[in-house]
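Before any comments, here is the structure.
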2 protein chains.
Amino acid sequence: MEPLPTAAARPTGSPARIGDVAALAGVGVATVSRVLNGHVGVRPSTRDRVVEAIEALNYRPSSLARSLSLRRTMVVATLLPWFTNPSAVQRVRGIVEGLTGSAYDLMVFDIESEDRQRRAFELFDRGERADGLLVVSTLPPEAEVDRLRAAGVPCVLIDAVHPSFPSIAVDDVAGGEMATRHLVELGHRRIALIGDPPPEFRFEWSRDRTRGYERALTSAGIEPRSDYVREGTRLPHVARAVASELLSLPERPTAIFAASDTQALGAIEAARSLGIRIPAELSVIGFDDIEVAAYVGLTTVRQPLLESGRRGAKLLLETLAGRPVEPLCELLPLELVARSTTGPAPDR
Amino acid sequence: MEPLPTAAARPTGSPARIGDVAALAGVGVATVSRVLNGHVGVRPSTRDRVVEAIEALNYRPSSLARSLSLRRTMVVATLLPWFTNPSAVQRVRGIVEGLTGSAYDLMVFDIESEDRQRRAFELFDRGERADGLLVVSTLPPEAEVDRLRAAGVPCVLIDAVHPSFPSIAVDDVAGGEMATRHLVELGHRRIALIGDPPPEFRFEWSRDRTRGYERALTSAGIEPRSDYVREGTRLPHVARAVASELLSLPERPTAIFAASDTQALGAIEAARSLGIRIPAELSVIGFDDIEVAAYVGLTTVRQPLLESGRRGAKLLLETLAGRPVEPLCELLPLELVARSTTGPAPDR
DNA sequence: CTGAAAGCGCTTACAG
DNA sequence: CTGAAAGCGCTTACAG
């Protein structure tokens, strides 16, 4: 089953292989490979014949076969849940920026369910489909951590922390505290919280922000009330529904801290449709500072989303370049951005 | 160089291969492969031994090697430029939805420059890294069209049209006309247009919308003015700058039609900072109806972004399932959504 | 029911 | 400077 001598002999529909080129040029495949990879030490006349054959057959090497042979793909993969979320998008944008100018291409893989997460790691945990991984807002299952380490796949975590990998994150407890303190300082006492549902992928920052919220309340001498703490996904209608419940409570909160801007926006809409004025009757503070936040004047705790992606990408690039990176956790700064959705607590 | 008999013999760091499992279980690799792929006709006791060896070695087959051998990846790739743009994100969200429940995983690949576009197709045009392609808001170069067809890679276009592939699109000329007519009907005569820069990736809908704009003007007896037609990218500051120029014209337009909501938002910000009231002194209409549009009350021409992704994914799935799909262009409906950024032209 | 061998399409020592 | 061969890690006829 040797390569056939001419292009015409290849069945239509299947691209030429390196053997076809070799046959047409009258050389061995090794020589074609050398020309392809720009190795020195190929006689110019030979090279010319090979180049000619490549063009005649419209040949392009199989990147898959190359990857298998080279054990290198020049691709970086980003694995993240809900990757169409505004904050996730912003991080991805940072990753794209961080990778710009490098030789690596970016592949983004969505993890929407545990099933997809499993499949994602099946695809990537050997480092065959991508040379490095950027895992965003989720933690690999422990078994995958082992595989990744065993296979030596460079991996950087963004918005998640694990002792085995370097990571870029923020202090979520401090963030929750910061947001809540802002409300307390405005005189609010009845402060509700809308958090994310329990971690689906071992992803726990919502819990940390809740802890910060409780801490701030306690140190202000306010007793946390369980009926003021709700959970819901970031789907617009869910966020609205959760906020509506909160706003229909007999003792309605005068302020809401939402664990994300997306949820804060839902709370604002809920208030709007209930005829509750913001910030006169209700203050709302979010988390993230996504692009629309500035646009609609949402008060929020800003975390450097873009920067997190950029830094994560840079860190991964370092590792890929062979510079060993400590599995340290780099904390990015948080900043309170007071805009127009928070104000003094109503009298009474 | 036969597989070594025990796991311990494998160098740490390299995952077990099928040969290691076979050796440990005392069977041939073919048998391991059969067990792995759930083929019938393996004696239960043999199967048990294999399963045991798999677990002992924590073995997971190389998906890359599988792909090479099977010529199938169970992955669908989406190639799109500026994939963090709100409208692109929305389409991707639709694609994710359309793929949900299927056996295919989604990989997203960003095309930000011609260089990346070339690399994207190098990776995907043989159908080795993905079984099917969803090309969004860009057109493959003609040479790639040939390769894709030659290799028989199923490919669906979204927001782009090519005779060789089925596609999901909208009638952009009609859309441009619809937007402009809305302004004309409100009494505007000085109507400006902010379009995208010339197509970077043979991507021409902005031109079509401009054509619709001109057509609407002409049929209203309004002479198109070249100083009213500007181009700029969707980067926020660019959109603002372009709008500012327009609004500083001696004969300032009373209405702006932006080729995208993102640009419309930029125009609104520019007006704001120039102290121009909307819609009293300036009407602004966008295109797309991205999520924030409703939120900020932007009048726009709605195109079914989510639906385009969903339909594209479904179409691709059909093709992948072997049901031949005509290379037809499916046009999705456009709808004018009048909100609060457009109003009657100011007297005089 | 099972294994040896060929094949997927490359790259790269190794030997000339 | 160049080619035959082994290897990357799988799958699958083919022959028992």
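In what follows, every chain begins at residue 1, and chains take the letters A, B, ... in the order their sequences are listed. All of these numbers come straight from a predicted model, not from anything done at the bench.
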Quiz item: Within the modelled atom types, does a donor on one side and an acceptor on the other bring the side chain of A:Arg34 and the base of D:dG3 under 3.5 Å apart?
Solution: yes
Quiz item: Taking the side chain of A:Ala65 as its heavy atoms from C-beta onward, which of C:dG9, D:dG9, C:dT2 lies nearest to it?
Solution: C:dG9
Practice problem: Could you tell me whether the side chain of A:Phe109 reaches within less than 4.5 Å of the side chain of B:Asp105, counting heavy atoms only? | Solution: yes
Quiz item: Taking atom C1' in both C:dT12 and C:dG16, what distance in whole Å separates the two?
Solution: 16 Å
Exercise. Mind calculating the distance between CZ (B:Arg49) and C1' (C:dC1) to the nearest angstrom?
Key: 12 Å
Quiz prompt | Phosphate contact (D:dG3 OP1 or OP2) by A:Thr31 side-chain N/O below 4.0 Å | solution = yes
Exercise. Take atom NE2 of B:His39 and atom P of C:dT2, then tell me their distance rounded to the nearest Å.
Key: 14 Å
Practice problem: Nearest-nucleotide wise, let me know which of B:Ala30 and B:Leu70 is further upstream toward the 5' end of DNA chain C. | Solution: B:Ala30
Quiz item: Just how far, in rounded Å, is P of D:dC10 from CD of A:Glu128?
Solution: 8 Å
Practice problem: Using whole Å, report how far CG of A:Leu57 lies from C1' of C:dG9. | Solution: 15 Å
Self-check item: Nearest to side-chain heavy atoms of A:Arg17, which nucleotide of C:dA5, C:dG9, D:dC1
Solution: C:dG9
Quiz item: Can you tell me how far C1' of C:dC10 sits from CG of A:Asp20, to the nearest Å?
Solution: 13 Å
Quiz item: Taking for each residue the nucleotide of DNA chain C with the nearest heavy atom, is it A:Asn37 or B:Pro44 whose nucleotide lies nearer the 5' end?
Solution: B:Pro44
Quiz item: To the nearest angstrom, how far is A:Arg66 atom CZ from C:dC8 atom P?
Solution: 20 Å
Practice problem: May I ask you to evaluate whether A:Arg126 reaches the phosphate of D:dC10, defined as a side-chain N or O under 4.0 Å from OP1 or OP2? | Solution: yes
Self-check item: Within-4.5 Å side-chain heavy-atom neighbours: A:Val51 and A:Val35
Solution: yes
Practice problem: Count the heavy atoms belonging to other residues, nucleotides or ligands that lie under 6.0 Å from CZ of B:Arg72, then report whether that count exceeds 12. | Solution: no
Practice problem: May I ask you to verify if any side-chain N or O of B:Arg72 is less than 4.0 angstrom from the OP1 or OP2 atom of C:dC8? | Solution: no
Practice problem: Answer yes or no: is there a side-chain heavy-atom contact under 4.5 Å between B:Val92 and A:Phe83? | Solution: yes
Exercise. Please report, rounded to the nearest Å, how far the P atom of D:dC10 is from the CG atom of B:Leu64.
Key: 10 Å
Exercise. Scan B:Ser67 against the nucleic acid and name what it touches under 4.0 Å (heavy atoms): base, sugar-phosphate only, or nothing.
Key: nothing
Practice problem: Can you spot which of A:Val135, A:Leu79, A:Asp125 makes a side-chain contact (heavy atoms from CB on, under 4.5 Å) with A:Cys155? | Solution: A:Val135
Practice problem: May I ask you to evaluate whether A:Ser33 reaches the phosphate of C:dT11, defined as a side-chain N or O under 4.0 Å from OP1 or OP2? | Solution: yes
Self-check item: N/O donor-acceptor pair, side chain B:Ser69 with base C:dG7, under 3.5 angstrom
Solution: yes
Quiz prompt | Assigned partner base of D:dC1, Watson-Crick or wobble definition, under 3.5 Å | solution = C:dG16
Exercise. Nearest whole angstrom, please: distance from the C1' of C:dC10 to the CZ of B:Arg71.
Key: 13 Å
Practice problem: Applying side-chain hydrogen bond (donor to acceptor under 3.5 Å, both in side chains) between A:Asp159 and each of A:Ser167, A:Ser137, A:Ser308, A:Ser87, report the one that passes. | Solution: A:Ser137
